[in-house]
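Right, one structure below, let's go through it.
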Amino acid sequence: MAGSLQVTPMLIAPSLLSADPLAMGAAIDALHGDFDWLHVDVMDGHFVPNLSYGPALVKALKKRYPEAVLDVHLMVEPGEDFLDMFLAAKPAYLTVHEEACRHLHRALTKIREGGVKPGVVLNPATPVELIEPVLPLVDLVLLMSVDPGFGGQSFIPEVTQKAVQLCRLREARKLSFLIEMDGGISAATIAQARRSGVDVAVMGSAVFAAPDPAAAVAQARELAAQA
Ligand code: DX5
Ligand code: ZN
C-alpha cells in the first residue's frame, strides 16, 4: 500500500453516465444498495466534448436516495460559474477541474463554505505539482485516468504514479483527503489502481454495461481487497 492513511476497504462509486438515461432509477436499484458513492458527471460540451446533466438530476437523486453519498464531478468551464447551482443541490462532494478554474483557491473555499466537501480534479496530463498549494483545502483529489468526456475509454496506467505521489504528499503534510480515480476502471485495472494508493474507484461501463451490475461491484470489491 502506498499510503498509511489509505481507507480500507476501497470505496466503489458507480458512474451514472453509463446507466440507461431512460431508466436511471432502475439501474441504481439493480445495485441493491451495494455502492459506496454515486458518481455524477456534469459535462458542458465546452470543457469536454459531450453534454450530460445539470443540478436537477442531483436534486432528484437526493430526493429519491436521501442516504446516498452523491459525488458530483463538474467538467464545466469556467468551473466557478456553476458552483451556486450545484451547491443548492447539496451533494456530499463537489469537484472542480484544476484546468477549468482560474481562481481555484476561491472556488474550493466557496464549496466548503456552501456546506459541501470540496474536491479538485486533474486531467491525465496535468501534474500533481499544480494543486500542491490547495491540498489543505480539499477532502478529495480526483485523478482522471482517461481524458474526460466519455465512458468506456481505456485506462491510462501512467496516472497511477500520481496516486503514489499524492499518498506521499498526504503523509508528509499530515493531510487527510481521499484519492479517487476515474476512467477505465474495470476488473482488469482496479487492482493496479488500488496498489497505487487509490481510496475510491469510479466505475461506469464496467458496472452499468455488465450483464449483472451488482455482481460487477462485488467482483471489484474482491479484486481491490486482494490487491
Ligand atoms: C469520464 C467520466 C467518468 C466516466 C467513467 O469523463 O468522468 O466518470 O463515467 O466511465 P468508465 O468507467 O466507463 O471509464
Ligand atoms: Zn467522472
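When reading the values below, keep in mind they use all heavy atoms of this one structure, side chains included, and skip hydrogens, waters and symmetry mates. Atoms within each ligand, like the ligands themselves, are counted from 1 in listed order.
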Please identify each residue that fulfils ring pair (Phe, Tyr, Trp, His ring centres under 6.0 Å) with His97, with sequence neighbours left out. Phe47, His73
Judged by atom type as modelled, is there a donor-acceptor pair below 3.5 Å linking the side chain of Asp199 to the main-chain atoms of Ile179? yes
Is Asp36 salt-bridged to Arg221, cutoff N-O under 4.0 Å? yes
Below a 4.0 angstrom heavy-atom separation, can you tell me which part of Ser205, side chain or backbone, both or neither, approaches ligand 1? both
Which atom name does His73 have for its N/O/S atom nearest to the Zn ion (ligand 2)? ND1
Are any of the N/O atoms in Val202 less than 3.5 Å from those in ligand 1? no
Asp41 heavy atoms, cut-off 4.0 Å: which ligand 1 atoms fall inside? 2 (C), 3 (C), 4 (C), 7 (O), 8 (O), 9 (O)
For Met75, counting its heavy atoms only, list the atoms of ligand 1 lying under 4.0 Å from any of them. 6 (O), 7 (O)
The atom name of the N, O or S atom in Asp41 nearest to the Zn ion (ligand 2) is OD1
With atoms numbered from 1 as shown, which atoms in ligand 1 lie under 4.0 angstrom from a non-hydrogen atom of His73? 7 (O)
Show the atoms of ligand 1 that are less than 4.0 angstrom away from any heavy atom in Gly149. 1 (C), 6 (O)
Polar atom proximity, Ile185 to ligand 1 (N or O, under 3.5 Å): no
Establish whether Val141 and Met144 are linked, either directly or via other cluster members, by ILVMFWY side-chain heavy-atom contacts under 4.5 Å. no
Quick check: of its N, O or S atoms, which one does Asp182 have closest to the Zn ion (ligand 2)? OD2
About how many Å separate CE of Met181 and CZ of Phe155, when rounded to the nearest 0.5 Å? 5.0 Å
Please check if the side chain of Ser205 supplies one atom and the backbone of Gly151 the other of a donor-acceptor pair under 3.5 Å. no
Between ligand 1 and Gly183, can you find any atom pair, the residue atom being a heavy atom, that is separated by under 4.0 Å? yes
Just distances here: any N/O of Asp147 and N/O of ligand 1 closer than 3.5 Å? no
Output, in order, the C-alpha distance, side-chain angles, deciding distance and verdict of salt bridge (Lys or Arg N to Asp or Glu O under 4.0 Å) for Asp29 and Arg64. CA-CA 11 Å; Asp29 296 341; Arg64 183 143 171 203; 3.3 Å; yes
List ligand 1 atoms under 4.0 Å from Met144, heavy atoms only on the residue side. 7 (O)
Check this for me - ligand 1, Gly152, N or O atoms closer than 3.5 angstrom, yes or no? yes
Specify the protein heavy atom at minimum distance from atom 9 (O) of ligand 1: its residue, its atom name, and the distance to 0.1 Å. Ser15 OG, 2.7 Å
For atom 12 (O) of ligand 1, the protein heavy atom that lies nearest, with its residue and separation: Gly204 N, 2.8 Å
Got a second to check how far Thr160's OG1 is from Gln192's CD, nearest 0.5 Å? 5.0 Å
Pairs meeting criterion side-chain hydrogen bond (donor to acceptor under 3.5 Å, both in side chains) with involvement of residues 74-96, two or more places apart: Asp84-Lys110
Side chain to side chain donor-acceptor pair (under 3.5 Å) evaluation trace for Ser15 with Asp41: CA-CA 7 Å; Ser15 170; Asp41 288 307; 2.8 Å; yes
